[in-house]
There are 2 protein chains.
Amino acid sequence: MAARKPQGDETGYSNLVGGSTAGSRAAETVQTLAETVAGRIREKVISGTLTPGSHLSEMALCEELQVSRNTLREVFRILTQEGLLRYEANRGVFVATPSMSTIIDIYRVRRFIECPALAQAHPRHPGTQNMRAAVDDARRCREVKDWLGVGSADIAFHSAIVELADSPRLSSFYAHISLELRLVFGLLQDPEFLHGPFIDQNVDILLELEAGRATAAAEKLEAYLLRAERFILGAYARVAPSA
Amino acid sequence: MAARKPQGDETGYSNLVGGSTAGSRAAETVQTLAETVAGRIREKVISGTLTPGSHLSEMALCEELQVSRNTLREVFRILTQEGLLRYEANRGVFVATPSMSTIIDIYRVRRFIECPALAQAHPRHPGTQNMRAAVDDARRCREVKDWLGVGSADIAFHSAIVELADSPRLSSFYAHISLELRLVFGLLQDPEFLHGPFIDQNVDILLELEAGRATAAAEKLEAYLLRAERFILGAYARVAPSA
DNA sequence: CTGTCTATAGTGTTGAACAATTTTTACATA
DNA sequence: TATGTAAAAATTGTTCAACACTATAGACAG
């Protein structure tokens with residue numbers, strides 16, 4: 001019952017996805033083994049090695065990752081909380097399978113969060129630099145045809161928009177949403193077709209903001225999100241008919 | 001690697017806090033022991049039996065709750081992910097201690113989420129029934145001087161507002177925020193003084209919405225949240241000077 | 001072909017064990 | 001007395017082996 005006063009980071013939900021445009025990361029808390037392994041699995045899911053719906057056997061993964069069952073179960077807890085995996089009692093964990101309603105909800109949340117965040121933003125907010133870095137990164141990746149990288153940069157761009165709201169909790173929530181979105185991306189093939197058209201629209205939005213027209217930027221963003229949603233839903237329907 | 005198709009609930013973050021106004025809960029997933037014990041500890045934190053900053057000894061809790069150490073650690077993982085507990089390497093888990101910046105961020109998020117959700121709401125959305133039930137519940141609890149219940153009802157009311165946005169992900173995010181808010185409430189004494197003045201304001205907001213004036217309701221809500229934030233910050237400063 | 005039953009595999013939970021780290025205690029020194 | 005250091009104790013981090021319980025798969029009778 002001793003009442004000590006520990007100090008830690010703010011939200012508790014730390015180190016999620018971080019693209020090549022990842023920001024600074026204070027090493028205040030030591031990476032525990034479970035977190036490290038969680039990162040490994042996260043990458044497997046994002047890169048498509050682990051496909052949605054597939055079953056993750058405890059014993060098999062213990063063997064492969066060289067960790068004990070208890071530690072692995074901790075990893076599962078982390079990733080389940082993030083929305084990447086799904087528990088079923090006495091059946092184990094599965095890679096989450098985004099459904100049509102998942103996509104719809106993700107984009108509903110995105111419009112709900114991103115647009116106001118952008119509309120109320122100050123043009124010289126530090127977050128704009130991250131936006132700028134993300135679009136540069138996206139174009140660089142496009143030249144090398146690194147479409148996974150383009151996807152990461154796109155997500156980094158929109159994460160930067162959320163940062164404009166200056167709320168750690170909102171940002172960490174958005175990181176979760178982003179992860180689920182990557183799951184969706186992984187489900188769809190033809191990533192060039194998927195990301196290509198949207199890079200320039202991001203640039204457009206950034207230019208509006210840098211010019212001080214936050215409201216106009218927000219309107220363009222909303223149009224962008226509505227288009228993207230239809231686009232993704234269409235691609236999804238082509239891949240997974242009647243799901 | 002077998003690719004089965006499981007069906008579960010949508011967001012993965014299920015059964016968090018549920019006040020006396022708790023809605024229906026389909027028993028689709030069997031409560032596992034760890035989850036049950038997590039619920040017990042959650043209530044201890046909410047009710048103030050476990051005060052923020054206090055250390056949770058593994059052995060002591062194993063004894064008290066009659067579970068093994070491994071299971072208890074699984075419980076800790078659940079609650080840590082929820083933001084209720086905080087890990088420190090080789091020192092154990094502590095009840096999270098909300099700071100001033102925590103409170104500020106919580107209320108920033110609340111204004112950011114609740115107000116638009118209310119503004120865009122349809123007066124006859126099912127969520128309004130939950131709002132109505134919550135205010136009734138709050139008044140009932142006030143009569144019996146059950147201030148903990150009043151707090152629960154208040155949180156249920158505002159959760160219902162978020163439900164108006166029809167987004168499972170937004171609602172589950174708000175459930176997390178609510179949990180943190182309860183931690184703050186537990187930190188402050190004199191719950192009558194804390195909750196009393198706000199019940200009637202909730203009623204006021206509901207009446208505006210039911211009358212079809214969503215925009216007016218949203219404005220009142222924003223004023224409410226700004227007042228509440230100042231109120232809570234003041235009480236906090238009195239309890240924990242210079243934290 | 002269908003439904004029931006048993007066998008098998010996998011998860012849920014426990015207890016014990018040992019390594020690594022922190023906290024406490026004891027002791028020697030200034 | 002105060003203080004710094006080292007050993008001892010307590011606590012956490014991690015693993016392993018075992019058993020109970022649940023669900024899936026396969027065998028078998030109708």
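Keep in mind that this is a model prediction, so the values were computed, not measured. Per chain, numbering begins at 1; letters A, B, ... match sequence-line order.
- Judged purely by distance below 3.5 Å, without hydrogens or angles, the side chains of B:R182 and B:S152 pair a donor atom with an acceptor atom.
- Going from atom CG of B:L33 over to atom P of D:dC19 covers 20 Å, rounded to whole Å.
- Counting to the nearest Å, the C1' atom of C:dG15 and the CD atom of B:Q66 are 14 Å from each other.
- Residue B:H55 has its side chain nearest to D:dT11 when only D:dT11, D:dG13, C:dT14 are considered.
- A:R110 and A:Y174 share a side-chain donor-acceptor pair at under 3.5 Å.
- Between B:S57 and D:dT11 there is no side-chain N or O to OP1 or OP2 distance below 4.0 Å.
- Between the B:R73 side chain and the A:E74 main chain, no donor and acceptor come within less than 3.5 Å of each other.
- In terms of position along DNA chain C, the nucleotide closest to A:V93 lies nearer the 5' end than the nucleotide closest to the other residue of the pair A:V93 and A:N70.
- Straight-line distance from the CZ atom of B:R77 to the P atom of C:dG12: 13 Å, rounded to whole Å.
- No N or O donor and acceptor, one from the side chain of A:N90 and one from the base of C:dG10, sit under 3.5 Å apart.
- As a whole-Å value, the separation of B:E35 CD from C:dT11 P is 16 Å.
- Atoms CD (A:E63) and C1' (D:dC16) sit 14 Å apart, rounded to a whole Å.
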query: Yes or no on ring-ring contact (aromatic ring centres under 6.0 Å, His included) for B:H176 and A:F173, after CA distance, side-chain angles and deciding distance?
result: CA-CA 10 Å; B:H176 279 226; A:F173 171 55; 9.1 Å; no
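- Interface remark: the B:R91 side chain does not form any donor-acceptor pair with the D:dG13 base, using a distance-only criterion of under 3.5 Å.
- Between the CG atom of A:L56 and the P atom of C:dT11 there is a distance of 10 Å, given to the nearest Å.
- In this structure, the CZ atom of B:F76 is 12 Å from the C1' atom of D:dT11, given to the nearest Å.
- If you check C:dT14, C:dT11, D:dT11 against the side chain of B:V67, the one that comes closest is C:dT14.
- Interface remark: the B:R69 side chain does form a donor-acceptor pair with the D:dG13 base, using a distance-only criterion of under 3.5 Å.
- Within the 4.0 Å cut-off from OP1 or OP2 of C:dT13, at least one side-chain nitrogen or oxygen of B:T32 is found.
- A:E88 has its CD atom 22 Å from the P atom of D:dC21, to the nearest Å.
- Look at B:R73 and you won't find any side-chain N or O under 4.0 angstrom from OP1 or OP2 of D:dT12.
- Taking all atoms of both residues into account, the shortest heavy-atom contact from A:I103 to A:V184 is CD1-CG1, 3.9 Å.
- For B:E58, the listed nucleotide lying nearest its side chain is D:dT12; candidates were D:dT12, C:dT13, C:dT11.
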